[in-house]
Undergrad: 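Got a structure for you, written out below as structure tokens; questions coming shortly.
Atom set for the values below is all heavy atoms of this structure, side chains included, hydrogens, waters and symmetry mates excluded.
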Amino acid sequence: MSDSVVHLHKDTEPATVTTLTVVPDPAPVAPVPLWVRSGRAIKTAVTHEKTTTTARAVARHSLYVAGGARIAARRTWDGRTTARYERYMRAAEAAGNMEAAAEWEERAQRFRDARHRRRMDLLHSPVDAAKGALVGTGMGIGGLVALGVVLAIANKDVSDVITPIAAVIEFIALMIRIVQVVWGPALTIGPFLALLALWAVGSKQHAAPAWALPANTRSSEGEPITPSIVVKALRDLGVAPLRGAIKEMGDAGASMLGPIRIAGCGVEVDVTLPSGVSTNEVQKRRRKLAENLTRHEHEVFITIPQAARTVRLWIADSGALDEPIGPSPLVTDDTLKADYAKGRAPWGQDLRGDAASLSLYQRHLLITGLSNQGKTAALRALALWLALDRSVEFWMGDLKGVGDWAMFDGLATKLIQGPTDDHVIQVTEMLEDAVEEMNRRLQAPPGTEFPLLLVTVDEAQVAFMCPVKDEEKRPYGGSSSTSRYFMAARKIHNQGRAVNVLLWQGTQDPTDQNLPKLVREGAHTRASLALGTEAQARMALGDKAVDGGAAPNLLRPGLDKGTLVVASDGIEIPKGQSSITVRTHYISTDDAKEIAARAKALRDGVTTLHVIERGEERDPLADIAQVMGDAARVRTKDVLNRLAALDATAYGEWSFLDLTRVLDGTGAEPYKSDGVMVIGRDRLARALANRDDEGSASVSG
């Protein structure tokens, strides 16, 4: 019997089975057909950048020849027919300018008459030419024979008589031989020279489609401004009457245009709009017009000159406005001096590239714009020039307080720097002191001349927005009739220029709250950097300037730093315009310090007051009691004299009315005794006692 053990239970764990997966070899990739590979290669070669550039160059230069031929043919046709005059007539009629149409018709008739005379002259010209040739030949032969006779006599040789004629015959034979040699090559090269001439004409006029032009011409540099491009840009503005009028003008839409003049880093052209098209319809489409001219919006400026139905376009060379202008003459010329009354401050350049200088004589100034656009630098540049006139006195308030005006320490009599309410109070009191100085000057004898007192407040919006009130509950900020800063600025604006007390203000992001209407309209010179909206532009420059094309709101914040739109009679503005755009010179802080040092050298020394100290407030009742002494009664006239002796600053200009105003309601009012007005000591003592009692009661309460 076997000893093996037989298990009666079933094994639940399956046996591990190893499975082998057989992976078949991948199927062989089907070969790409030859025609597919060839097509891909051809496509790659055709679309390659070098291929497209080469093809574009070939097409461009071929089209230059065709375009040059078209231009030459057009010029020839216009020169020999009245086509040009007829186009101009149609254009003038379409624009409703019948006077111009009649003038062009008259010119066309004169051209026809002149052409008819030339053709009639051709009928007689062969006979005249033959006669002239015979006469000329005879005279020439006679002259040569005479010359030969002279030679024969001189040389004693009869054969010399024909020497001049023989020399002429040899010269003619030489010319014939040269022509025979050159004629063949000339016939071969001539067509190529003609094609080269046509290519030159077409290349100069860029007579090729835009897709064929070089990339830098099509995009970065922009197209050259020609009459046809300007007319196309106007036609595609989306103004239906303008488009219809240009269509009726045929190919002569350019008759709307004046001469295209080079103006600085761009060109300028006047456009006379057809009847039924207003200037503001073009103005409000500035961006579209710029893009039609292949320019950015900031590179096209539209202004309204004095002529009716006319807009003036200034179109910059592409990218030119992003290039900086040169340094200020204040930096480059150490010998430069200033003259407040007769001189002009070098401020920058206008868009034409001409120097833009500003007369500051008796003109209040306001510069505004968004933050960090160059307002302080533009304002400071004018003050630095003026500092080179040693007669000018500066009172300055910088309500930013970061040291932008620190170089005027030692130049300015008063220099307050800081952004706090205390600084606003100091600046306000400085303006009020200027008002007092103005009033003193106004009361001087007629004909008295005063040096300039220039009061400058940078970041003036801080003062207008200040909420602090004084002891009499009068606000320092705001624009009410009780606002101290506002009223002081208004008083200087009203009468200051007559006695050379001027107020310059710089402010940012103008609103009706931080730049009240009466203050901004009191400035004679108003300038604005980049702004956010047209409403702000109107606040900064006024409705007239904006309606005339001024658009600081279209300047690019951050990119057009230092570019100002100026409305002032102190700067030369093109005739018929109400404003001018100026790119100001930037003077760095270090350069400003050097200029200020030169200005300090012109002066004997200026002590700058950084805080306006106010004397101790006087107590009029106590002072009156003091000057009366032990007398029972004192005449009011004597009281006034004693008060003036006590403190001339506080009481020197007091009158009887001032004395009555102080004593009114106290019980110590002046009264008549023995026919004169007097003040009683007992009454005054009771008034002082009652006031002290009221003060004690209010404190205890």
Side-chain angles (χ1 to χ4, degrees), residues 324-349 354-365 367 374-398 400-417 430 434 449-459 500-506 525 527 561-562 564 566 568 570-571 582-610:
I325 64 174
S328 170
L330 293 174
V331 176
T332 59
D333 187 356
D334 293 343
T335 64
L336 190 67
K337 296 292 188 294
D339 187 337
Y340 160 66
K342 300 178 182 178
R344 302 176 74 91
W347 210 10
Q349 294 180 0
D354 298 330
S357 56
L358 182 67
S359 171
L360 305 174
Y361 182 64
Q362 293 189 345
R363 290 176 176 90
H364 301 299
L365 176 68
I367 298 180
K375 166 183 54 62
T376 297
L379 188 62
R380 189 176 66 187
L382 297 176
L384 286 170
W385 176 80
L386 206 53
L388 297 175
D389 183 339
R390 61 179 299 173
S391 67
V392 178
E393 181 179 2
F394 295 94
W395 293 3
M396 292 183 165
D398 175 16
K400 185 190 301 180
V402 294
D404 288 337
W405 297 87
M407 68 287 303
F408 279 86
D409 193 352
L411 274 176
T413 308
K414 299 178 181 179
L415 178 60
I416 300 165
Q417 302 178 89
M430 179 180 72
E449 295 184 0
F450 299 98
L452 172 63
L453 171 58
L454 178 60
V455 183
T456 303
V457 180
D458 196 11
E459 305 296 341
N500 285 328
V501 177
L502 298 184
L503 176 60
W504 289 5
Q505 296 182 95
T525 295
K561 283 187 176 182
L564 287 161
V566 185
S568 171
I571 193 169
V582 176
R583 302 173 68 198
T584 59
H585 297 294
Y586 174 69
I587 301 177
S588 67
T589 301
D590 291 338
D591 290 335
K593 291 178 180 177
E594 294 182 6
I595 298 168
R598 298 206 309 262
K600 292 174 186 176
L602 299 175
R603 291 164 166 78
D604 296 330
V606 175
T607 301
T608 300
L609 181 65
H610 296 279

Undergrad: Looking only at heavy atoms, what is the nearest atom pair of Val566 and Ala527, with distance?
TA: CG2-CB, 4.1 Å
Undergrad: Carefully, step by step, assess Leu358 and Val582 under the rule side chain to side chain contact (heavy atoms under 4.5 Å, CB included).
TA: CA-CA 11 Å; Leu358 182 67; Val582 176; over 6 Å; no
Undergrad: Quick check for you: to the nearest 0.5 Å, what is the distance between Ser391 atom OG and Asp339 atom CG?
TA: 8.0 Å
Undergrad: Applying ring pair (Phe, Tyr, Trp, His ring centres under 6.0 Å), can you list everything that pairs with Phe394, at least two apart in sequence or on another chain?
TA: Phe408
Undergrad: What I'd like to find out is whether the side chain of Ile595 reaches to under 4.5 Å of the side chain of Trp385, using heavy atoms alone.
TA: no
Undergrad: If we ignore hydrogens and angles and just use 3.5 Å, is the side chain of Trp405 paired with the main-chain N or O of Ile416 as donor and acceptor?
TA: no
Undergrad: Excluding sequence neighbours, so at least two apart, what forms side chain to side chain contact (heavy atoms under 4.5 Å, CB included) with Gln349?
TA: Ile325
Undergrad: Walk me through it: do Arg380 and Thr589 pass the test side chain to side chain contact (heavy atoms under 4.5 Å, CB included)?
TA: CA-CA 10 Å; Arg380 189 176 66 187; Thr589 301; 3.8 Å; yes
Undergrad: Rounded at 0.5 Å granularity, tell me how far CG in Asp334 sits from CZ in Arg598.
TA: 5.0 Å
Undergrad: When you compare the side chain of Lys337 with that of Leu602, does any pair of heavy atoms fall below 4.5 Å?
TA: yes
Undergrad: Any side-chain heavy atom of Val331 sitting closer than 4.5 Å to one from Glu594?
TA: no
Undergrad: Any salt bridge between Lys400 and Asp458, counting N to O under 4.0 Å?
TA: no
Undergrad: Measure the CD1-OG1 distance between Ile571 and Thr525 for me, rounded to the nearest 0.5 Å.
TA: 8.5 Å
Undergrad: Once you round to the nearest 0.5 Å, how far does CZ of Arg603 lie from CG of Asp389?
TA: 7.5 Å
Undergrad: Check for a donor-acceptor pair, side chain of Lys600 on one end and backbone N or O of Asp409 on the other, with a separation under 3.5 Å.
TA: yes
Undergrad: Tell me the closest heavy-atom pair linking Ala387 and Ala599, and the distance in Å.
TA: O-CB, 3.4 Å
Undergrad: Kindly give the heavy-atom pair with the smallest separation between Leu564 and Ala378, and that separation in Å.
TA: CD1-CB, 3.9 Å
Undergrad: Can you give me the closest heavy-atom contact between Ala592 and Ile587, atom names plus distance?
TA: N-CG2, 3.8 Å
Undergrad: Would you say that Tyr340 contacts Gln362 through its side chain, given a criterion of any heavy-atom pair below 4.5 Å between the two side chains?
TA: yes
Undergrad: Just how far is it from atom NE2 of His585 to atom CG of Asp591, taken to the nearest 0.5 Å?
TA: 13.0 Å
Undergrad: For Val501 and Ala434, which heavy atoms make the closest approach, and how far apart are they?
TA: CG1-O, 4.2 Å
Undergrad: Could you state the interatomic distance from CE (Met407) to CG (Leu415), rounded to the nearest 0.5 Å?
TA: 10.0 Å
Undergrad: Are any of the side-chain heavy atoms of Lys375 and Glu459 separated by less than 4.5 Å?
TA: yes
Undergrad: I'd like to check Leu365 versus Leu502 (side-chain heavy atoms, cut-off strictly below 4.5 Å). Are they in contact?
TA: no
Undergrad: Scan the side chains in residues 450-457 for donor-acceptor partners under 3.5 Å anywhere in the protein, sequence neighbours excluded, and list what turns up.
TA:
none

Undergrad: State, to 0.1 Å, how close Ala345 and Leu382 come at their nearest heavy-atom pair, and which atoms those are.
TA: CB-CD2, 3.8 Å
